[in-house]
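What follows is a short report on a single structure.
Just so you know, these numbers come straight off a predicted model, no measurement behind them.
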Amino acid sequence: MRTDPHAGAMSFIFEAGVLKRAARTGWWFAGVKHPESIAEHSFRTALIGMMLAAMEGADPARVSMLCVLHDTQETRITDIPHIAKRYLTAAPNTAVTADQVAACPPAVADVINAAVAEYEAGATLEAIVARDADKLECLVQAIEYRHQGVADVQRWIDSSQAALKTATAQRLADAALTGAPVAWPSPPRS
C-alpha cells in the first residue's frame, strides 16, 4: 500500500526539523560545550554557497540547494566526527537520501536525490562551489569559536583551508583569517 505522497513529503519536512536540534559534534573535541546545530551550519553554508556561486560564475540557486541538502542525511546517521570515520562505515549519503524521500511525490524525490548525487559526485562547478562553501563555513565557525575563547580550533581552520578548490573561496578564507567576527556592527569609515 503506497502512502499519500503529501504525507511522505511532510514526513521528510518533519525529519529535516531534527537538524535544528542536532549538534555538530566534531566541535566537542575542540572544547565547544554547545556547538552550532547542523541546521545552523547548513543555513550559513547555503548563504556562502550563493555568494561563492555568484563570484565563480556558477548557478547560485543550484549551489544553495546543494548546500541546504548536503547534511540532511545526518538525521539518520548523525554528525559523525572525522576521527570516528576511521572506525565506522556509514551508508553512502545517496542511499540515506533515497530512503528519506522514498515516500515523497516522485518529482520531489527526483529533485532531492539528483541534488545529493551531484553534491556527492563533486564533478560539476556547482558541486565544487557547494563543497567549498561547506569548508569555508567550517573555517568561519572555527574563527568565531576562537574569538569566543575556544583555543583548540586551528586544525579545523587548517584542514578547511587546505580543502578549498576555488580561488574565490581561498580569497574569502584569507579575508576571514585577517578579519574580525564582530567588526560588522561598526559603520564603515568614510
Side-chain angles (χ1 to χ4, degrees), residues 16 18-30 32 35-85 88 90-97 100 111-146 150 153-177 179 181:
V18 170
L19 299 173
K20 292 170 34 174
R21 299 181 299 280
R24 301 243 312 148
T25 57
W27 292 117
W28 291 333
F29 294 101
V32 178
E36 65 177 334
S37 73
I38 296 164
E40 289 167 322
H41 162 71
S42 293
F43 167 76
R44 188 159 60 181
T45 298
L47 182 65
I48 292 168
M50 182 244 340
M51 295 169 70
L52 274 175
M55 292 187 274
E56 283 288 327
D59 178 351
R62 182 79 181 164
V63 171
S64 292
M65 180 171 62
L66 298 179
C67 291
V68 166
L69 295 169
H70 85 282
D71 280 340
T72 54
Q73 308 78 19
E74 293 180 5
T75 60
R76 298 192 179 196
I77 61 170
T78 73
D79 178 40
I80 302 169
H82 186 70
I83 193 167
K85 290 179 181 182
L88 302 172
N93 282 343
T94 51
V96 177
T97 299
Q100 288 176 306
V111 164
I112 293 172
N113 282 320
V116 170
E118 179 180 351
Y119 181 86
E120 292 300 319
T124 65
L125 176 58
E126 285 72 19
I128 292 165
V129 169
R131 287 170 171 269
D132 270 6
D134 179 40
K135 297 303 181 188
L136 189 55
E137 200 288 326
C138 186
L139 180 142
V140 168
Q141 186 62 64
I143 291 168
E144 289 175 338
Y145 283 144
R146 181 172 61 192
V150 179
V153 297
Q154 192 61 46
R155 64 185 135 171
W156 280 268
I157 292 170
D158 293 343
S159 66
S160 296
Q161 190 171 23
L164 298 174
K165 303 286 187 232
T166 64
T168 303
Q170 292 165 358
R171 285 193 298 275
L172 286 172
D174 291 342
L177 289 164

- Test Ile77 against Val96 for side-chain contact (heavy atoms from CB on, under 4.5 Å), laying out the working first. CA-CA 8 Å; Ile77 61 170; Val96 177; 4.2 Å; yes
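- Counting heavy atoms from C-beta outward, Asp71 and Leu19 have side chains that stay 4.5 Å or more apart.
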- Item | Derivation and outcome, side-chain contact (heavy atoms from CB on, under 4.5 Å), residues Arg24 and Cys138 | CA-CA 10 Å; Arg24 301 243 312 148; Cys138 186; 4.2 Å; yes
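- The distance from atom CG of Asn93 to atom CD of Glu74, rounded to the nearest 0.5 Å, is 7.5 Å.
- Here the CD1 atom belonging to Ile38 is positioned 10.5 Å from the CD atom belonging to Glu40, to the nearest 0.5 angstrom.
- Formation of a donor-acceptor pair under 3.5 Å by the Glu56 side chain with backbone atoms of Thr168 is found in this model.
- With rounding to the nearest 0.5 Å, the separation of CG in Leu172 from CG in Leu136 is 5.5 Å.
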- Item | Tyr145 vs Glu36, side-chain contact (heavy atoms from CB on, under 4.5 Å): CA-CA, chis, key distance, verdict | CA-CA 10 Å; Tyr145 283 144; Glu36 65 177 334; 3.8 Å; yes
- Quick one: do Phe29 and His82 satisfy side-chain contact (heavy atoms from CB on, under 4.5 Å)? Show the steps, please. CA-CA 10 Å; Phe29 294 101; His82 186 70; over 6 Å; no
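- Between Leu88 and Ile80, the closest side-chain pair of non-hydrogen atoms falls below 4.5 Å.
- The shortest distance between side-chain heavy atoms of Ile48 and Met51 does not fall below 4.5 Å.
- Here the OG1-CD1 distance, from Thr25 to Ile83, works out to 12.0 Å after rounding to the nearest 0.5 Å.
- The minimum heavy-atom distance linking Leu139 with Ala173 is given by the pair CD1-CB, 4.1 Å.
- Pairs engaging residues 115-143 under the ring pair (Phe, Tyr, Trp, His ring centres under 6.0 Å) rule: His70-Tyr119 [sequence neighbours left out].
- Take Ser64 and apply the side-chain hydrogen bond (donor to acceptor under 3.5 Å, both in side chains) test, not counting sequence neighbours, and it matches no residue.
- Considering OG of Ser159 and CD of Gln154, their distance stands at 10.0 Å, rounded to 0.5 Å.
- In the displayed structure, Met55 atom CE is contacted under 6.0 Å by more than 12 heavy atoms of other residues, nucleotides or ligands.
- With rounding to the nearest 0.5 angstrom, the CG atom of Leu66 is 11.5 Å from the CD1 atom of Ile128.
- Between the Gln100 side chain and the Thr72 main chain, a donor and an acceptor come within less than 3.5 Å of each other.
- The two residues Gly26 and Pro81 make their nearest non-hydrogen contact at CA-CB, 4.3 Å.
- In this structure Glu120 satisfies the salt bridge (Lys or Arg N to Asp or Glu O under 4.0 Å) test with no other residue, sequence neighbours excluded.
- Within the structure, the salt bridge (Lys or Arg N to Asp or Glu O under 4.0 Å) test picks out the following pairs touching residues 129-140 (sequence neighbours left out): Arg44-Glu137.
- For residues 159-175, the set of pairs meeting the salt bridge (Lys or Arg N to Asp or Glu O under 4.0 Å) definition, not counting sequence neighbours, is empty.
- Closest approach of Ala115 to Leu69, counting heavy atoms only: CB-CD1, 3.7 Å.
- The shortest side-chain heavy-atom distance between Gln73 and Val116 falls under the 4.5 Å cut-off.
- Here the closest non-hydrogen pair linking Ala58 and Val129 is CB-CG2, 4.2 Å.
- Taking every heavy atom of both residues into account, Pro60 and Ala54 meet most closely at CG-N, 4.1 Å.
- Every residue meeting the salt bridge (Lys or Arg N to Asp or Glu O under 4.0 Å) condition with Arg62, not counting sequence neighbours, appears here in chain and number order: Glu118.
- Contact detail for Ala142 and Ile157: the closest heavy-atom pair is CB-CG1, 3.6 Å.
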